[in-house]
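Atom set for the values below is all heavy atoms of this structure, side chains included, hydrogens, waters and symmetry mates excluded. Letters A, B, ... mirror the listed sequences (proteins, then strands); counts begin at 1.
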Amino acid sequence: MDSLFSLDILLPTLVGLPLIAAILTTLLKSPGLRASISIAMALIQLIIVATLLLWLSNSGTSLETQYQRYSLGGWGAPLGIDLAIDGFSALMLALTAALTLVLTVYSRYYFFEPHSRLDKTARFWPLWWLLIMGINALFLSGDIFNIYVTLEIIGLAAVSLVALDGSRAALTAALRYLLVGLLGSLCYLLAVALLYRAYGTLDLAQLSAIAEPTAITWAALALITTGLLLKTALVPLHFWLPLAHGSAPAPVSAILSALVVKTSFYLLARFWLDTLAPAATDYGLLMLGVLGAAAILWGSIQALRATRLKLMVAYSTVAQLGYLFLLFPLFSPDEDARGAGLSGPAVSAVGYFIVAHACAKAAMFLAAGNIMRTFGHDEIARLHGLAKYMPLSLFTFAIAGASLIGLPPSAGFLSKWLLLNVAIDTAQWWWAIIILMGGLMAAMYVFRVLNIAFISVDEKAQTEPKNLPTNKLPTIMSLCAFLLAMLTIVLGFNAELILDLVTIGDDV
Amino acid sequence: MFKTPEFKENNHANELPFATRILCATAIGALGLGLIFALILSENISSSLPALVQQNLTQSGVQNPVTAVLLNFRSYDTLLEIGVLLTVAIAMLPNSNFNSDINPHMPGGSRLVSVVNSAPVNPPLEALLRWLIPMIIVMAGYMLWTGAALPGGAFQSGALLAGAGVLAQLSGRLQFCFTSTTAKLLLTIGLITFVMVAVGVATTTGVILQYPLELAAPLILLIETAATLSIAAILLLSYNTLATQTFESSSEPSVFDKQPSALSETSAPNETLQSQTAEGPKP
Amino acid sequence: MTQESLYIIASIGLFGIGLYGVIVAPHILRKILAINIMSVGVFMLLVVSASNMNSTPDPVLHAMVLTGIVVAIAGTALALLLAVKIHTLSRDSDKDDH
């Protein structure tokens with residue numbers, strides 16, 4: 001921790017690297033150069049995260065190294081701000097780095113219009129890297145006010161990215177997202193004020209040591225929950241998500257559904273199960289689980305009714321987010337196991353689910369973006385005969401859909417299996433019913449699209465519709481989507497990779 | 001709520017029904033009362049932080065405890081906060097971004113500030129500004145310098161400078177164009193300086209953002225100066241963009257409107273707002 | 001009723017009024033203003049918590065308020081930009097319709 005060259009320095013580097021990328025892409029003028037630097041930076045970020053993970057898993061298992069911490073400015077909590085990493089946040093950082101690389105490569109081709117005089121990437125790349133910086137900073141942050149600032153960076157960057165193409169629908173969706181995001185952040189900030197009044201410190205680790213179930217702690221937790229539920233789009237506060245994710249450019253939709261909504265979920269898990277665990281009542285945990293179940297059901301119903309492909313995928317996100325909230329009732333049945341950090345079978349299952357869903361959903365959004373780019377529209381009813389023109393994209397969609405449904409050997413199947421195991425082990429079998437029903441409904445909306453895509457003739461119209469592709473798609477865009485879908489299969493076979501990662505911080 | 005944005009005053013068509021509003025007010029009122037009671041009845045633990053700040057104040061390089069917290073103890077927060085400002089600045093950048101791979105000469109003005117040589121639009125304002133703007137710049141410099149010991153600092157002086165810029169633009173005599181290289185440099189200089197200092201000190205002290213004791217004061221001043229320039233530029237850019245938006249009218253089609261947007265993800269590509277013309281504001 | 005209690009009531013009151021405004025107000029500018037009122041309420045609570053009869057006020061809370069104000073400005077600026085752009089687009093498409 002003393003010299004510059006201990007591997008500790010990798011923690012702030014993960015925040016500094018996207019920041020430098022953002023500054024460089026703001027200053028550079030040539031779109032080609034911006035894209036090349038972005039891909040290089042994404043690659044470096046992946047290498048840094050891989051090094052960090054290797055170091056963490058080899059760095060000993062004593063209680064002191066349960067967390068790795070880095071005190072910025074050398075002051076240390078509570079005076080200064082600490083960066084902290086444990087198993088769960090390490091997993092999220094790895095997911096961010098991997099997704100960033102694939103999506104950066106995809107974006108380079110998505111926005112590439114060499115003969116156009118207008119240059120959209122002038123705004124895309126800086127905002128993209130600022131978003132990535134915000135996500136990394138949030139997962140690494142060990143200070144509740146610092147988390148507020150990172151939430152704002154993520155929110156503002158995400159809104160600007162949604163509004164990127166300047167159409168009226170995108171701008172309206174972005175404005176709605178912004179207002180909801182600001183509302184959520186303000187609720188969170190009020191909670192920070194309450195926590196500081198009650199405990200006199202802003203540091204997560206110190207709070208988890210001294211938190212008590214008082215009225216003001218409970219009020220702070222309720223406010224944090226309201227704010228973060230707005231940002232995670234849990235039913236009934238989900239109204240902004242489908243249009244925001246549905247009107248954004250494809251790589252933006254991918255990162256929003258895969259990562260951005262998971263950041264606020266990560267914070268909810270951190271506060272409920274780790275930092276403010278003494279204030280987390282059983283009733284509250286149950287409420288979150290019930291809302292999650294409602295999200296699974298309602299999101300799937302709305303996905304079935306969606307007419308546009310991207311809207312359907314966005315509603316599918318609303319549904320799949322419900323599974324994440326089953327973590328709360330399933331976390332631990334007894335009181336004394338709480339407050340020991342974010343670990344255990346439920347956390348492993350949900351961590352796995354986050355990774356599986358992120359890859360599958362990103363693959364689906366990229367495939368949908370490819371379809372939209374090729375045909376000029378994404379209306380499900382008019383996608384007849386898609387299989388003829390875009391077999392790879394359709395295959396990607398099918399595999400990603402299989403992971404969402406939970407078919408073996410995908411990662412989705414494994415994560416649902418783990419969740420079912422936890423549900424049955426803790427004798428809360430009613431969640432198992434919800435999980436299975438969710439899988440069934442996901443099957444319905446995925447197969448609906450596949451059904452239409454494989455049929456060339458529209459039976460109602462009685463004629464073969466003129467559904468010819470209008471644009472040629474660069475192959476690498478389809479390959480990126482396909483890679484993400486394949487990742488879900490690879491992760492389905494190699495469960496230990498993820499599960500070992502989540503249990504890094506344990507002292508066993 | 002939050003359906004489509006409503007722009008007409010007194011248009012009660014989209015308003016929530018009365019019963020819903022009463023329900024909302026009661027719910028918020030009840031929750032608010034609960035929160036007030038929780039706050040008033042709870043014990044306010046006197047935090048150890050103020051004492052800690054006082055203890056370490058001499059080592060921080062400044063005498064003002066708020067500046068010490070902002071730029072030394074919790075400098076990471078300030079770094080991220082300037083990042084937030086940069087995010088909004090990029091969203092506000094004018095749309096006339098040319099592809100420099102094709103056309104290396106960017107028309108539409110490569111100067112940040114240009115003087116408009118026409119008849120005075122607002123003579124009293126202009127006369128006032130001849131005295132006022134230099135005074136504001138001096139004031140801003142003073143606020144920046146005095147932030148070490150008294151209330152002041154980067155944000156305050158940046159806001160003052162931006163105010164001077166807004167007044168200058170309102171008078172119609174000066175015109176700001178943010179597509180130039182100078183502009184982009186100004187926008188990012190705060191963040192660049194901060195990152196360079198953060199990494200630079202790490203080579204000496206071994207920890208990111210840990211200033212060496214004897215260099216703390218000058219480093220803080222350096223960061224604050226660069227941040228002032230950035231903050232002023234970002235605030236002025238925001239004003240500039242919002243002011244030009246209102247004056248723009250697409251009845252004169254801009255040269256970029258002919259580009260069909262294949263990149264639009266929505267199913268109504270006709271309603272795309274393409275770029276503005278590269279002219280300045282029409283007062 | 002102590003002075004601090006009065007300020008606490010005022011700050012939570014502002015937060016509640018702002019929250020009501022965001023949900024209920026029809027005009028988009030009113031919603032944006034309501035969010036600003038909410039943030040003022042939170043900042044007021046932070047400043048009240050910083051007051052300390054014995055010595056200088058708590059500087060950490062003041063720093064939080066400064067950061068919060070800047071973040072609120074950024075959010076408001078972006079919201080205004082989006083609102084104005086939507087307005088320009090709706091105005092032009094209304095013109096086309098006639």
Side-chain angles (χ1 to χ4, degrees), chain A residues 78-81 127 130 143-146 148-153 155-198 200-203 216 219 223 226-227 230, chain C residues 4 8 11-12 14-16 18-19 21-23 25 28 30-32 34-51 58-61 63-65 67-94:
Chain A
L79 186 60
I81 299 176
L127 289 170
L130 283 166
D143 178 281
I144 53 178
F145 184 70
N146 188 243
Y148 169 71
V149 185
T150 59
L151 276 175
E152 286 294 325
I153 296 184
L156 292 177
V159 167
S160 311
L161 282 171
V162 169
L164 202 64
D165 63 5
S167 68
R168 189 163 154 191
L171 289 173
T172 314
L175 185 55
R176 190 179 303 125
Y177 184 10
L178 180 60
L179 288 176
V180 169
L182 288 176
L183 194 55
S185 302
L186 281 171
C187 292
Y188 179 85
L189 187 59
L190 186 58
V192 169
L194 294 178
L195 284 175
Y196 186 81
R197 280 181 70 99
T201 177
L202 291 171
D203 186 57
I216 209 167
L223 275 168
T226 316
L230 274 168
Chain C
E4 198 193 15
I8 290 178
S11 64
I12 303 291
L14 279 174
F15 189 82
L19 183 57
V22 175
I23 298 178
I28 187 70
R30 299 241 178 104
K31 287 204 210 275
I32 298 176
I35 292 208
N36 276 359
I37 294 178
M38 277 175 79
S39 58
V40 167
V42 180
F43 298 149
M44 191 174 173
L45 184 62
L46 285 170
V47 169
V48 164
S49 313
S51 72
D58 187 343
V60 175
L61 282 168
M64 281 167 66
V65 173
T67 309
I69 292 178
V70 174
V71 166
I73 291 178
T76 308
L78 191 56
L80 285 174
L81 175 70
L82 290 174
V84 169
K85 276 195 176 174
I86 297 175
H87 176 64
T88 317
L89 277 176
S90 340
R91 191 187 61 195
D92 295 334
S93 75
D94 285 344

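Heavy-atom minimum distance, A:P78 versus A:T201: CB-OG1, 3.6 Å. Shown here for C:L45 and A:R197, the closest heavy-atom pair between the two residues is CD1-NH1, 4.4 Å. Across all non-hydrogen atoms, the minimal contact from A:A163 to A:A174 is CB-CB, 3.7 Å.
Heavy-atom distances place no part of C:L81 under 4.5 Å from chain A, backbone and side chain included. If you measure heavy-atom distances from A:L178 to chain C, the contacts under 4.5 Å come from the side chain alone. In this structure, chain A has no heavy atom under 4.5 Å from any part of C:L80. Looking at A:L202, only its side chain comes within 4.5 Å of chain C, counting heavy atoms on both sides. Contacts of A:A193 with chain C are made by both backbone and side-chain atoms, with heavy-atom separations under 4.5 Å.
Counting heavy-atom pairs closer than 4.5 Å to chain A, the top residue among C:G68, C:A79, C:A74 is C:A79. Of the listed residues (C:T76, C:V60, C:L61), the one with the most heavy-atom contacts under 4.5 Å to chain A is C:L61.
Put simply, the residue from C:L14, C:I12, C:I8 that forms a side chain to side chain contact (heavy atoms under 4.5 Å, CB included) with C:M44 is C:L14.
With contacts defined as side-chain heavy-atom distances shorter than 4.5 Å, the pair C:F15/C:S39 does not qualify.
Proximity of a side-chain donor or acceptor of C:K85 to a complementary backbone N or O of A:G166 within less than 3.5 Å is not detected.
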